[in-house]
There are 2 protein chains.
Amino acid sequence: MPAPSSNSTANALRRVYRPRKPPSTMPVSPSNAADSAPEIDTSYLETLLGYNARRTALAVIAVFLRRMEPHGMRPVDFSVLSVVAHNPGVTSRQICSTLDILPPNLVGMVKSLQKRGLILRKPHPTDRRAQGLHLSAAGQRLYREAQATATSLELDVADRLSAEELQTLIGLLRKVYRRDAPVASEPQSG
Amino acid sequence: MPAPSSNSTANALRRVYRPRKPPSTMPVSPSNAADSAPEIDTSYLETLLGYNARRTALAVIAVFLRRMEPHGMRPVDFSVLSVVAHNPGVTSRQICSTLDILPPNLVGMVKSLQKRGLILRKPHPTDRRAQGLHLSAAGQRLYREAQATATSLELDVADRLSAEELQTLIGLLRKVYRRDAPVASEPQSG
DNA sequence: TATTGTTATACTCTATAACTATA
DNA sequence: TATAGTTATAGAGTATAACAATA
């Protein structure tokens with residue numbers, strides 16, 4: 001059982017990142033059925049928002065898993081910690097509806113983060129059924145590090161985009177999935 | 001065993017779409033712990049490309065599942081059919097590396113599409129290990145319908161975006177995940 | 001020796017039903 | 001009656017190892 005550490009060296013991740021194609025030192029290629037076939041045409045799929053959004057998400061997640069390995073955090077753990085960090089006293093139900101996680105699936109995550117000493121539960125001020133979630137001091141330290149890592153890795157993944165392009169991209173994505181959001185046509189400012 | 005049909009009425013999908021929050025006829029709300037809490041702050045997460053790309057992908061997929069239900073197709077089935085449709089004679093391995101599917105996981109999908117009479121396997125012209133995949137006549141008909149559905153549902157999901165914004169969005173997404181692609185700064189043209 | 005397609009299998013992720021304590 | 005949190009479990013998705021046939 002890993003004790004909660006104040007640095008980022010502990011807690012090996014359960015799922016280890018491993019590249020699917022081990023880099024062969026030299027392309028010897030004894031024979032490959034795709035030798036003559038020049039390339040696969042995916043031009044139609046690449047016109048689809050869903051296809052491109054999913055491929056992009058998976059590309060970011062792959063880098064996320066590698067870089068967050070020292071912090072022992074999957075994307076969902078990071079999201080939960082982020083919501084707790086920025087909303088002290090938030091309840092499990094609120095996290096579920098915010099992140100679109102089903103309540104039974106959140107239980108284990110919260111339990112695990114609590115066991116690692118990263119979050120605390122306190123009685124809810126007005127509702128005795130609910131519990132308010134808070135980051136511990138160790139949780140705050142780890143989350144601070146993880147957030148810096150996340151911000152940095154995102155810039156690396158998107159290094160083909162200018163800062164302005166990245167802002168445009170994120171703004172357009174939000175416009176698609178946040179159908180509750182205001183329809184303001186302002187340029188992005190955060 | 002559903003016979004391959006030329007229309008789009010058959011083949012109920014295994015996983016049925018069901019909205020998570022059944023629409024309550026009236027917001028009676030006997031008591032809710034989040035009553036006083038105004039809203040959850042996710043402003044940091046929303047600055048992250050990975051978070052927004054994933055949320056967008058899930059939003060598109062949710063609509064995809066509903067609208068493709070008559071065609072009995074999950075996103076991955078549609079992607080496979082699309083690659084076969086636009087690349088007759090493509091091999092399983094080529095599909096795997098194109099769509100980032102692991103070979104053991106493709107076997108069942110191909111088998112299922114074949115059992116539905118949508119795709120055919122023919123011996124590979126030069127490699128007796130491999131088999132070329134092709135759409136059957138029924139597969140071509142179904143895929144044509146499905147592609148029209150896909151194109152249409154995407155426009156509905158992105159109805160908050162102008163045509164130009166959608167093109168910009170897709171171009172930026174490709175620029176992120178297709179790290180092999182040319183870095184040309186041309187506007188999109190198809 | 002390497003690749004294609006495959007089986008078997010393990011692990012992770014996501015979803016449903018049902019329970020208790022409280023509102 | 002409805003909600004918060006939970007348990008148990010089913011089902012879908014993703015991963016590895018290992019094999020026969022062929023290159």
Side-chain angles (χ1 to χ4, degrees), chain A residues 13-22 24-37 54 58 61-62 65 74-77 79 89-97 99-112 114 121 123-133, chain B residues 13-22 24-37 54 57-58 61-62 65 74-77 79 90-97 99-112 114 121 123-133:
Chain A
L13 196 56
R14 272 181 303 285
R15 182 145 77 103
V16 175
Y17 174 81
R18 205 166 310 171
R20 280 190 188 157
K21 297 232 171 183
S24 58
T25 41
M26 280 297 260
V28 186
S29 137
S31 190
N32 189 323
D35 274 351
S36 52
R54 187 169 144 76
L58 291 175
I61 288 172
L65 290 174
R74 299 163 303 166
V76 67
D77 299 314
S79 298
V90 68
T91 69
S92 286
R93 277 287 164 169
Q94 288 175 315
I95 294 177
C96 284
S97 54
L99 298 179
D100 232 351
I101 299 171
L102 293 174
N105 299 331
L106 186 68
V107 173
M109 305 176 201
V110 168
K111 209 177 279 185
S112 159
Q114 191 183 16
R121 303 190 199 204
H124 191 278
T126 65
D127 189 335
R128 281 189 306 167
R129 295 171 302 183
Q131 302 168 75
L133 300 178
Chain B
L13 193 57
R14 273 182 302 287
R15 182 145 77 105
V16 176
Y17 175 80
R18 204 166 309 171
R20 281 192 189 155
K21 296 233 172 183
S24 57
T25 41
M26 280 295 260
V28 186
S29 143
S31 190
N32 189 324
D35 274 350
S36 53
R54 187 168 144 74
L58 291 175
I61 288 172
L65 292 173
R74 300 163 302 166
V76 68
D77 299 313
S79 298
V90 68
T91 69
S92 286
R93 279 284 165 172
Q94 287 175 315
I95 294 178
C96 284
S97 54
L99 297 179
D100 230 353
I101 298 172
L102 293 174
N105 298 331
L106 186 69
V107 174
M109 305 176 201
V110 169
K111 208 176 281 185
S112 161
Q114 191 182 16
R121 304 189 200 206
H124 192 279
T126 65
D127 188 336
R128 283 189 304 168
R129 296 169 303 181
Q131 303 169 76
L133 300 178

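What you see below is based on every heavy atom in this structure, not just the backbone, and it leaves out hydrogens, waters and symmetry mates. Order of the sequence lines fixes the chain letters, A, B, ..., with proteins taken first and strands second; residue numbering starts at 1 for each chain.
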Legend entry - Overall bend - the helix from dT1(C)-dA23(D) to dA23(C)-dT1(D), comparing terminal axes fitted on five pairs, nearest 10 degrees: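 Taking five pairs per end, the axes differ by 0°.
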Nearest 0.5 Å, please: how far is OG in Ser112(A) from CZ in Arg74(A)?
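Rounded to the nearest 0.5 Å, the CZ-OG separation comes to 7.0 Å.
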Subject >> Nearest-Å distance for atom pair CG/P, residues Leu99(A) and dA15(C) >> reply: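 Rounded to the whole Å, the gap is 14 Å.
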Note to self: If the condition is side-chain contact (heavy atoms from CB on, under 4.5 Å), which residues does Pro125(B) pass it with, not counting sequence neighbours?
What the structure shows: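 Listed in chain order: nothing, the list is empty.
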**Study point:** Between P of dG13(D) and CE of Met109(B), the distance in whole Å
**Key:**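 Whole-Å distance recorded here is 8 Å.
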Quiz item: Given side chains that start at C-beta, do those of Pro103(A) and Arg93(A) come closer than 4.5 Å, heavy atoms only?
Solution: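 A side-chain contact exists here, since the closest heavy-atom pair is under 4.5 Å.
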Length of the line joining Arg54(A):CZ and dC13(C):P, which is rounded to integer Å:
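After rounding, the gap between these two atoms is 14 Å.
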Set of side-chain contact (heavy atoms from CB on, under 4.5 Å) partners for Pro75(A), sequence neighbours left out
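Pro75(A): side-chain contact (heavy atoms from CB on, under 4.5 Å) contacts with Ile61(A), Phe64(A), Leu65(A).
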Is any side-chain heavy atom of Ile95(A) less than 4.5 Å from a side-chain heavy atom of Leu106(A)?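 Sidechains of Leu106(A) and Ile95(A): in contact.
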Sequence neighbours excluded, which residues qualify as side-chain hydrogen bond (donor to acceptor under 3.5 Å, both in side chains) partners of Arg128(A)?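 In terms of side-chain hydrogen bond (donor to acceptor under 3.5 Å, both in side chains), with neighbours along the sequence ignored, Arg128(A) is linked to no residue.
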* **Side chain to side chain, Leu133(B) and Arg121(B), heavy atoms closer than 4.5 Å** =>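 With C-beta onward as the side chain, the pair touches.
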Exercise for review: Take the protein atom CD1 of Ile101(B) and the nucleotide atom C1' of dA12(D), then report the distance between them rounded to whole Å.
Suggested key: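 Computing the Ile101(B):CD1 to dA12(D):C1' distance gives 14 Å.
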Subject >> Shortest side-chain distance from Leu102(A), nucleotide among dA23(C), dT16(C), dA23(D) >> reply: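 Closest nucleotide among those given: dT16(C).
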query = For Ile61(A) and dC13(C), what is the distance between atoms CD1 and C1' respectively, to the nearest whole Å?
reply =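 Ile61(A) atom CD1 is separated from dC13(C) atom C1' by 12 Å.
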**Item:** Heavy-atom closest pair, residues Thr91(B) and Gln94(B)
**Value:**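 Heavy atoms only, the tightest pair is N-OE1, 3.0 Å.
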Interatomic distance, His124(B) atom NE2 to Ser92(B) atom OG [nearest 0.5 angstrom]: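 So the gap between those two atoms works out to 11.0 Å.
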Interatomic distance where NE2 belongs to His124(A) and P belongs to dG5(D) [whole Å] |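 Whole-Å distance recorded here is 8 Å.
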Worksheet item: Roughly, in whole Å, what's the span from CZ in Arg74(B) to P in dA12(D)?
Response: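 Nearest whole value for this atom pair: 9 Å.
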Report all interatomic pairs (protein N or O, nucleotide N or O of nucleotides 5-8 of chain C) with separations under 3.5 Å.
{"unit_1": "dG5(C)", "atom_1": "OP1", "unit_2": "Ser92(B)", "atom_2": "N", "d": "3.4"}
{"unit_1": "dG5(C)", "atom_1": "OP1", "unit_2": "Gln131(B)", "atom_2": "N", "d": "3.3"}
{"unit_1": "dG5(C)", "atom_1": "OP2", "unit_2": "Arg93(B)", "atom_2": "N", "d": "2.6"}
{"unit_1": "dG5(C)", "atom_1": "N7", "unit_2": "Arg93(B)", "atom_2": "NH2", "d": "3.1"}
{"unit_1": "dT6(C)", "atom_1": "OP1", "unit_2": "Arg121(B)", "atom_2": "NH1", "d": "2.6"}
{"unit_1": "dT6(C)", "atom_1": "OP2", "unit_2": "Arg121(B)", "atom_2": "NH1", "d": "3.4"}
{"unit_1": "dT7(C)", "atom_1": "OP1", "unit_2": "Lys111(B)", "atom_2": "NZ", "d": "3.4"}
{"unit_1": "dT7(C)", "atom_1": "OP2", "unit_2": "Lys111(B)", "atom_2": "NZ", "d": "2.9"}

- Ile95(A) CD1 - dT6(D) P separation (whole Å):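 Atom-to-atom, Ile95(A) to dT6(D), this comes out as 11 Å.
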**OP:** Answer yes or no: does a side-chain N or O of Arg128(A) lie under 4.0 Å from OP1 or OP2 of dA4(D)?
**Re:**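 Indeed not, no polar side-chain atom of Arg128(A) lies that close.
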